[in-house]
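Below is one structure; the comments refer to it alone.
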Amino acid sequence: MKINKEEIMLKNNLACPGCSASLAMRLALKALGKKTVVVIPACCWTVINGTTGFNHAGVPVFHTAFETTAAVASGIKVALRRGGETGVTVMGWAGDGGTFDIGLQALSGAAERNEDIIHVCYDNEAYMNTGIQRSSATPIGAETTTTPPPHLKSRPKKDIMTIMEAHNIPYIASATVGFPIDLTKKFEKAKKTKGFRFILIFSPCPPGHKFPENKTITISKLAVETGIFPLYEIDNGRYKLSRKPSKFLQLEEYLQLQGRFKNTTKEQIEQIKDNIRNMWKRLNLRFQDEAITKMLTRD
Ligand SMILES: Cc1ncc(C[n+]2csc(CCOP(=O)(O)OP(=O)(O)O)c2C)c(N)n1
Ligand SMILES: [Mg+2]
């Protein structure tokens with residue numbers, strides 16, 4: 001499988017160097033094509049897309065209030081359909097704040113109604129645009145400006161994939177820019193699917209996670225290979241593991257590259273490891289994969 005060579009997004013957007021959210025949009029639009037409308041709430045992407053008069057996404061973008069992405073995207077899709085435009089993909093593109101937290105009500109409503117839209121969450125695990133405040137997507141032990149040491153985030157990351165699964169929608173997937181072909185395939189599948197589709201993209205952020213800008217892809221890959229961010233799909237209720245780890249890499253390999261975990265305590269690291277193991281046990285009830293069962297029972 002090849003990634004479409006045609007660039008839809010324009011060059012020189014306002015993203016920070018090494019921004020995975022910028023690369024994620026570039027890949028998503030290559031898969032979805034030009035007949036796409038994007039709805040963006042308050043988030044880094046409001047800035048990335050450019051100041052008034054600029055539109056680096058290269059497709060129509062509707063900027064909306066923080067809590068309204070999925071409601072606005074639903075309305076745009078209906079208006080297009082009423083106007084006879086049936087071939088346009090409408091994609092809400094929100095951060096973790098706009099998805100896990102303040103956008104959750106609109107998201108849940110649109111998912112329950114099975115609106116014909118794609119909601120993408122580029123998850124950089126904090127409110128980055130406003131200065132790195134913690135969100136419910138921030139992992140345990142992470143430093144943010146509202147969880148400074150020694151008061152590091154003490155609660156686990158919210159499990160948004162399971163929340164979305166509970167809505168019985170046709171397509172749910174997790175992806176990251178470290179695996180661009182996998183990400184592209186998921187957007188292609190989402191484009192072909194009717195009804196509500198949800199894609200969670202793990203999105204490392206150099207200034208927010210405090211790592212050098214050339215480590216974005218390494219960290220995206222390590223998140224998958226250490227098991228902290230599993231890549232999978234729930235396609236009409238069928239679970240499919242996209243990348244089967246033969247052995248999880250040591251979580252520390254992932255944590256030590258990021259300044260946000262510089263002060264994370266041993267106990268918090270153990271807590272994260274326990275949570276990863278429990279998450280995989282839960283997921284493997286669906287995958288029923290023998291190799292994973294063996295890996296999880298090994299101490
Ligand atoms: C109702 C409302 N509350 C707060 C804000 C301020 N605000 C703008 S962007 C943002 C953070 C967005 O975080 P996230 O959705 O994770 O996107 P990111 O900035 O990380 O890309 C906040 C708090 C706002 N615009 N509207
Ligand atoms: Mg964020």
Side-chain angles (χ1 to χ4, degrees), residues 9 13-29 38-52 55-57 61-73 91-110 118-148 152-153 155-161 163-164 174-177 198-211 213 216 219-220 223 228-229 258-261:
M9 233 172 87
N13 67 39
L14 300 187
C16 304
C19 175
S20 61
S22 165
L23 179 54
M25 177 73 91
R26 181 177 164 209
L27 292 167
L29 288 176
V38 184
V39 178
I40 301 182
C43 60
C44 285
W45 245 99
T46 325
V47 178
I48 296 171
N49 203 39
T51 50
T52 307
N55 178 20
H56 284 93
V61 169
F62 192 97
H63 290 282
T64 185
F66 202 5
E67 57 278 69
T68 62
T69 315
V72 170
M91 171 170 73
W93 183 273
D96 45 299
T99 301
F100 290 60
D101 295 342
I102 195 163
L104 189 61
Q105 184 190 4
L107 177 64
S108 175
I118 304 177
H119 182 100
V120 177
C121 172
Y122 69 94
D123 179 10
N124 54 23
E125 301 191 318
Y127 297 144
M128 294 307 183
N129 180 44
T130 40
I132 324 175
Q133 293 87 17
R134 64 89 101 182
S135 75
S136 62
T138 305
I140 290 183
E143 175 178 340
T144 66
T145 51
T146 47
T147 55
L152 301 165
K153 174 100 184 299
R155 293 282 301 149
K157 184 183 173 91
K158 190 189 275 184
D159 182 0
I160 194 76
M161 292 289 280
I163 292 172
M164 295 317 293
S174 56
T176 184
V177 293
F198 178 79
I199 301 182
L200 179 67
I201 306 182
F202 174 67
S203 302
C205 166
H209 300 173
K210 301 183 171 53
F211 64 79
E213 62 215 35
T216 302
I219 290 174
S220 296
I228 197 167
F229 190 80
Q258 304 172 63
R260 65 177 170 152
F261 296 115

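Start at 1 and go down the list; that is how both ligands and their atoms are numbered.
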Could you tell me the residue and atom name of the protein heavy atom closest to [atom], and the distance to it rounded to 0.1 Å?
atom                    : value
atom 7 (N) of ligand 1  : Thr130 CG2, 3.5 Å
atom 8 (C) of ligand 1  : Ala42 CB, 3.6 Å
atom 14 (P) of ligand 1 : Gly97 N, 3.4 Å
atom 18 (P) of ligand 1 : Cys44 N, 3.6 Å
atom 21 (O) of ligand 1 : Tyr122 OH, 2.6 Å
atom 5 (C) of ligand 1  : Phe66 CD2, 3.8 Å

Check this for me - ligand 1, [X], N or O atoms closer than 3.5 angstrom, yes or no?
X      : result
Gly98  : yes
Tyr127 : no
Met128 : yes
Asp96  : yes
Ala126 : yes

Margin query: Contact between ligand 1 and Ile102 is defined here as a heavy atom of the residue under 4.0 Å from a ligand atom; is it met?
Written below: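 Yes, Ile102 has a heavy atom closer than 4.0 Å to ligand 1.
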
Notebook entry, point to check: So which bit of Asn129 gets within less than 4.0 Å of ligand 1, heavy atoms only: side chain, backbone, both or neither?
Noted result: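 Under 4.0 Å from ligand 1, Asn129 contributes backbone and side-chain atoms.
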
Is the Mg ion (ligand 2) less than 2.8 Å from at least one N/O/S atom of [X]?
X      : answer
Gly208 : no
Tyr127 : no
Glu125 : no

